[in-house]
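Input: a single structure, listed below in structure tokens.
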Amino acid sequence: MPPAVVTLNVTEDQHCLLIQSPSSGLSLQGNLKVPGDKSISHRALMLGAIAQGETQIQGLLLGEDPRSTASCFRAMGAEISQLNTELVTVRGIGLGQLQEPLDVLNAGNSGTTLRLMLGILASHPGRFFTVTGDSSLRSRPMSRVVKPLQQMGANIWGRKDSALAPLAIQGQQLKPIHYHSPIASAQVKSCILLAGLMVQGETTVTEPALSRDHSERMLQAFGAKLNINQETNSVTVTGLAQLQGQTVIVPGDISSAAFWLVAGAIVRGSELLIENVGVNPTRTGVLEALELMGADIRLENERLVAGEPVADLRVRYGPLKGCEIAGDLIPRLIDEIPILAAAAVFAEGTTVIRDAAELRVKESDRIAVMATQLNRMGARVTELPDGLEITGGTPLVGTDVNSHTDHRIAMSLAVAALNATGTTTIHGAEAAAISYPDFTTTLQQLCG
Ligand code: S3P
């Protein structure tokens, strides 16, 4: 089997990933593990910091995003041991006890860090905080969390009517609300629930469709008083219950596994087993979408680990067909749309992705960037206001493409390049370190 050549060129300010696939004979084989779930890693650090006692975290993601969360909470007095995948200990300082930081809190590229943290900060009476992020995060909408927090009585200031970071927050005693979120967003839901921990009475969030529920699961495990109404997609937190440190075992991130699921499905002759992947039903939309496309994916060894469902995922190569991805499925696969778009390029027929306008305000405008970059490689992708239309079956030709500093775009283009002729050069490939620091190494190993 001729191997694909995968090289990483590091120049002064940019990493380029060069992928040169053989014209035939490459197949991906073997067992692999993906790094810890990003959403669960953030929440374990945050809840650990505001709980009483010690929290132990096994399998933490060592990506740039959780590092941002750890550094923000360290700056407010939480003792967090050196980050590693084996065991991280967090000595929490108790509800409402965060110290006023001496400097600006920097969330880097991480929307989850900034938006969830805002709920915690706004409800700390008598403390003043300033928060910011990198250039991508400073252009992303914060009003979706600032508005409901203001309804609770929060004092927050920033550019564009407090819609953009940097933001300044004067912590307040907040009041409970029932917030009907116009978007299905776990960041919005979690921000309000975290603020509600510090509010006397009942704070409720209702969302139009169910978004990931890691906050609800972990808050309950830490001892928060939560009431979940599955029929109305509502969650109520009753405030002022103290949280107790816990042991959190972080499963592998299905959003990272998705790259190998698609790689295994599109590279002829492949068979991969991805071990220890979180399969929380609010995250498994990608499995349903790939099933609609006819992919051969099986769940093995299904189990429950520390309150989260986990399985090993086996994928085998097979022909894919176009499908429609829309509606309530979207929040359950929102981060996997770039890699699903890459899969659709190799599927027979047309794939239509709709109801995904949220993609325009992620780490990049993922609708515009995926359409432009895949089309540069010869694909037939049309932008829709709220999604993409992809006509599969056109062979891809390697060329220069750009991640636009977006981790999921960098990795999706790398997977697409495995099935392209010639050499694909991915500029800005270092962005993968946000959620998957070892992505290139694993790709090199798989390509043998
Ligand atoms: C996340 C929620 C999602 C997702 C993001 C992580 C979380 O964002 O895209 O990568 O951990 O809560 P939205 O809440 O904006 O949909």
Side-chain angles (χ1 to χ4, degrees), residues 35-47 60-61 63-66 68-69 107-120 133 136-137 139-148 163 165 179 181-195 205 207-219 233 235 248 250-251 253-259 278 280 282-286 308 328-340 355-367 370 386 406-412 431-432 434-436:
D37 186 278
K38 184 156 79 65
S39 294
I40 297 177
S41 296
H42 283 301
R43 287 159 173 79
L45 290 165
M46 288 190 195
L47 294 195
L60 186 89
L61 166 66
E64 299 295 333
D65 274 8
S68 297
T69 295
N109 191 247
S110 175
T112 308
T113 307
L114 189 45
R115 294 195 178 117
L116 269 58
M117 192 166 66
L118 274 175
I120 297 175
S136 153
L137 190 54
S139 69
R140 295 178 65 188
M142 291 301 139
S143 32
R144 56 185 55 200
V145 288
V146 169
K147 288 244 159 70
Y179 186 64
S181 177
I183 43 172
S185 159
Q187 292 179 356
V188 171
K189 174 173 64 178
S190 306
C191 168
I192 298 165
L193 292 177
L194 289 169
V205 189
E207 48 183 355
L210 185 60
S211 65
R212 65 191 66 192
D213 67 357
H214 303 299
S215 293
E216 293 91 304
R217 287 174 188 250
M218 208 184 287
L219 278 167
N233 289 327
V235 192
V248 180
V250 185
D253 197 328
I254 192 166
S255 299
S256 299
F259 301 109
N280 177 319
T282 60
R283 297 286 298 282
T284 47
V286 63
E308 289 278 351
D328 286 1
L329 189 54
I330 295 293
R332 297 177 48 236
L333 49 64
I334 188 74
D335 291 341
E336 290 69 72
I337 293 176
I339 188 61
L340 286 169
D355 306 320
E358 273 295 299
L359 288 183
R360 296 213 180 263
V361 290
K362 291 291 178 189
E363 287 84 329
S364 69
D365 176 345
R366 288 181 173 161
I367 294 177
M370 278 313 283
D386 61 346
D406 185 327
H407 53 131
R408 301 204 196 279
I409 303 277
M411 294 184 274
S412 301
I434 293 290
S435 62
Y436 201 158

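Positions are given from 1, in the same order as the sequence printed here. Whatever order the structure lists them in is the order used to number ligands and atoms, beginning at 1.
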Tell me the protein heavy atom at minimum distance from [atom], and give that distance in Å.
atom	result
atom 6 (C) of ligand 1	T112 OG1, 3.5 Å
atom 11 (O) of ligand 1	S39 OG, 2.7 Å
atom 12 (O) of ligand 1	R43 NH2, 2.6 Å
atom 1 (C) of ligand 1	Q187 NE2, 3.6 Å
atom 14 (O) of ligand 1	S185 OG, 2.6 Å

Do the side chains of L116 and I120 get nearer than 4.5 Å, heavy atoms only?
no

If you look at every heavy atom in G36 and L61, which pair is closest and at what distance?
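Heavy atoms of G36 and L61 come nearest at O-CB, 3.3 Å.
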
Taking all non-hydrogen atoms of both residues, which atom of M142 and which atom of L137 are closest, and how far apart?
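Taking M142 first and L137 second, the nearest heavy atoms are CE-CD1, 3.8 Å.
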
Regarding [X] and [Y], is there a side-chain donor-to-acceptor distance under 3.5 Å anywhere?
X	Y	answer
T69	T113	yes
R212	S39	yes
S255	R283	yes

Heavy-atom contacts under 4.0 Å between H42 and ligand 1: side chain, backbone, both, or neither?
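None of H42 does.
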
Check this for me - ligand 1, [X], N or O atoms closer than 3.5 angstrom, yes or no?
X	answer
D335	yes
L116	no
R408	no
R212	no

Ion pair check, K362 and D406, cut-off under 4.0 Å
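Looking at D406 together with K362, the answer is no, because their closest N to O distance does not fall below 4.0 Å.
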
Decide whether the shortest distance between a heavy atom of K362 and an atom of ligand 1 is less than 4.0 Å.
yes

Relative to the heavy atoms of I334, which atoms of ligand 1 are at a distance of less than 4.0 Å?
9 (O)

Can you name the atoms of ligand 1, numbered from 1 with element, that are less than 4.0 Å from a heavy atom of A186?
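Within the 4.0 Å cut-off of A186, ligand 1 contributes 12 (O), 14 (O).
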
For the pair E308 and N280, evaluate side chain to side chain donor-acceptor pair (under 3.5 Å) and give the outcome as yes or no after the intermediate values.
CA-CA 6 Å; E308 289 278 351; N280 177 319; 3.1 Å; yes

Test side chain to side chain donor-acceptor pair (under 3.5 Å) applied to H407 and S435, step by step:
CA-CA 7 Å; H407 53 131; S435 62; 2.8 Å; yes

